[in-house]
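Okay, structure first, notes after.
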Amino acid sequence: MANSPANPRHVFDIKTLEMLVCPLTKTRLTLSPDRTELISVAARLAFPITRGVPLLSLDESRSVDPEALRRLPDLGGDGNER
């Protein structure tokens, strides 16, 4: 099992991302570049992914710096927030 770096049961399924929304704003979430967090651009919060399970609790979230949000590759032209 040296070729398998992570247990497949603990890997976040990208297809699941289409079904999840931010618990605060009900807007879409973006997967972080390192695939360890789901980010809500609207709420400026990041939710951790632990053992393949996103923890969508406000108690588990962390604030994200607006400058860090602008650097996210998935934003494209969606960063028109006030």
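- Within the 4.5 Å cutoff, side-chain heavy atoms of Leu38 are placed close to those of Leu31.
- Shown here are the salt bridge (charged side-chain N to carboxylate O under 4.0 Å, His left out) partners of Glu18, two or more places apart in sequence or in another chain: there are none.
- The salt bridge (Lys or Arg N to Asp or Glu O under 4.0 Å) analysis of residues 29-40, with sequence neighbours excluded, yields the pairs Glu37-Arg62.
- Under the 4.5 Å side-chain heavy-atom criterion for ILVMFWY residues, a single connected hydrophobic cluster contains both Ile49 and Leu24.
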Would you list the atom pairs, donor with acceptor, under 3.5 Å between side chains in residues 52-61 and any protein atom, with sequence neighbours excluded?
{"from": "Ser57", "atom 1": "OG", "to": "Asp59", "atom 2": "N", "distance (Å)": "3.2"}
{"from": "Ser61", "atom 1": "OG", "to": "Leu58", "atom 2": "O", "distance (Å)": "2.8"}

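- Put simply, the side chain of Leu29 does not reach to within 4.5 Å of the side chain of Ile39, judged on heavy atoms.
- Under the side-chain contact (heavy atoms from CB on, under 4.5 Å) criterion, Thr25 pairs with Cys22, Thr27, Ser40, Ala42, Ala43, sequence neighbours left out.
- Taking the side chain as every heavy atom from C-beta outward, Pro66 and Arg44 approach each other to under 4.5 Å.
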